[in-house]
J.: 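The structure under discussion is supplied below as structure tokens; questions concerning it will follow.
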Amino acid sequence: AINAQVLTAQKILAGSGTDSAAAIATDAQGNVFIAGTTTSPNFPLVNALFSKIPDAPLRMSTDGVTFTPSTFQVPNITAITASSDGRILLAADQGAIYRSVDGGATWSASPANVSGNVVALAINPVNPANAYAVSNLNTTAQFLRSSDGGATWQSSPAPGSGPGIA
């Protein structure tokens with residue numbers, strides 16, 4: 001006996017801009033949930049987190065309930081991290097890394113020699129002066145380390161590639 005499945009319906013979800021799905025899930029009632037991003041003003045949204053593209057890509061909250069737009073404006077945020085002492089690192093397009101030492105009230109650009117876009121940032125929870133970044137240019141990853149809370153960055157060997165590691 002052959003157990004075959006038949007496609008009974010299809011729907012192309014798209015708008016006039018750039019659309020990207022990051023995750024998809026279904027429930028027992030047959031509802032489909034898609035998480036992702038869109039720049040399409042006419043993308044078919046139902047119960048969306050934002051009914052339109054937010055005015056500011058960065059929004060801040062001190063209570064986890066109320067979010068207000070940040071006065072710091074960057075076109076596209078690629079990574080963000082924060083520490084318990086109020087330091088925030090933010091990466092934007094073109095390898096730019098910005099830092100705040102006062103919970104996002106003020107920002108400064110970090111002089112970073114980054115190739116490509118930063119795709120990950122982390123602050124050491126034990127010592128917030130130590131921060132890490134990973135950038136990606138085509139298929140080449142670059143690892144960076146900061147020992148001054150993101151004020152300056154140095155290239156670092158990839159994890160697991162140091163001497164004595166096979």
Side-chain angles (χ1 to χ4, degrees), residues 13-15 17-25 33-41 43 45 47-162 165:
L13 294 174
T18 302
D19 310 312
S20 177
I24 191 167
F33 303 92
I34 302 171
T37 58
T38 182
T39 61
S40 300
F43 190 86
L45 298 174
N47 297 329
L49 180 59
F50 296 111
S51 61
K52 67 178 186 89
I53 298 172
D55 297 330
L58 179 61
R59 293 176 178 259
M60 310 290 277
S61 175
T62 56
D63 61 6
V65 176
T66 305
F67 290 83
T68 57
S70 171
T71 57
F72 180 63
Q73 297 296 310
V74 291
N76 188 27
I77 298 168
T78 59
I80 191 167
T81 187
S83 66
S84 60
D85 68 353
R87 297 178 199 217
I88 303 171
L89 295 175
L90 178 144
D93 282 340
Q94 309 302 322
I97 299 176
Y98 300 91
R99 71 188 282 256
S100 173
V101 295
D102 54 13
T106 60
W107 293 89
S108 61
S110 295
N113 297 322
V114 179
S115 299
N117 287 328
V118 175
V119 295
L121 288 168
I123 296 175
N124 185 318
V126 176
N127 182 357
N130 293 327
Y132 310 92
V134 178
S135 71
N136 187 7
L137 179 63
N138 299 324
T139 59
T140 303
Q142 179 185 16
F143 297 88
L144 299 128
R145 183 178 189 277
S146 174
S147 58
D148 55 13
T152 60
W153 295 88
Q154 300 79 35
S155 289
S156 177
S161 65
I165 299 176

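Position 1 is the first residue of the sequence, and the numbers go up from there.
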J.: Closest approach of A91 and L121, non-hydrogen atoms and distance?
T.: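 Looking at all heavy atoms of both residues, the shortest contact is N-CD1, 3.6 Å.
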J.: Rounded to the nearest 0.5 Å, what's the gap from CG on L89 to CH2 on W107? Could you check?
T.: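 Reported value, rounded in 0.5 Å steps: 8.0 Å.
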J.: As a quick check of understanding, evaluate side-chain contact (heavy atoms from CB on, under 4.5 Å) for L144 and Q154, giving each step before the final call.
T.: CA-CA 5 Å; L144 299 128; Q154 300 79 35; over 6 Å; no
J.: Does N124 reach the side chain of Y132, with side-chain heavy atoms less than 4.5 Å apart?
T.: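 N124 reaches Y132 side chain to side chain.
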J.: Between R99 and G149 (side chain of the first, backbone of the second, donor and acceptor by atom type, cut-off under 3.5 Å), is there such a pair?
T.: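 Yes; at least one donor-acceptor contact below 3.5 Å.
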J.: Within the structure provided, determine whether V134 and V118 are in side-chain contact (heavy-atom separation under 4.5 Å).
T.: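 Counting from C-beta outward, V134 and V118 never come under 4.5 Å.
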J.: Search all heavy atoms of S100 against all heavy atoms of T106 and return the closest pair with its distance.
T.: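 Closest approach of S100 to T106, heavy atoms only: OG-O, 2.8 Å.
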J.: With no hydrogens and no angle check, is any side-chain donor or acceptor of N117 less than 3.5 Å from a backbone partner on V119?
T.: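 Judged by distance alone, no pair lies under 3.5 Å.
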J.: How far apart are the closest heavy atoms of I123 and R87, and which atoms are they?
T.: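 Answer, listing the atom of I123 first, then R87: CD1-O, 3.9 Å.
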J.: So, do W153 and S110 sit near enough that their side-chain heavy atoms are less than 4.5 Å apart?
T.: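 Side-chain contact under 4.5 Å: yes.
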J.: Taking the side chain from S146 and the backbone from T152, do they hold a donor-acceptor pair closer than 3.5 Å?
T.: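 Present.
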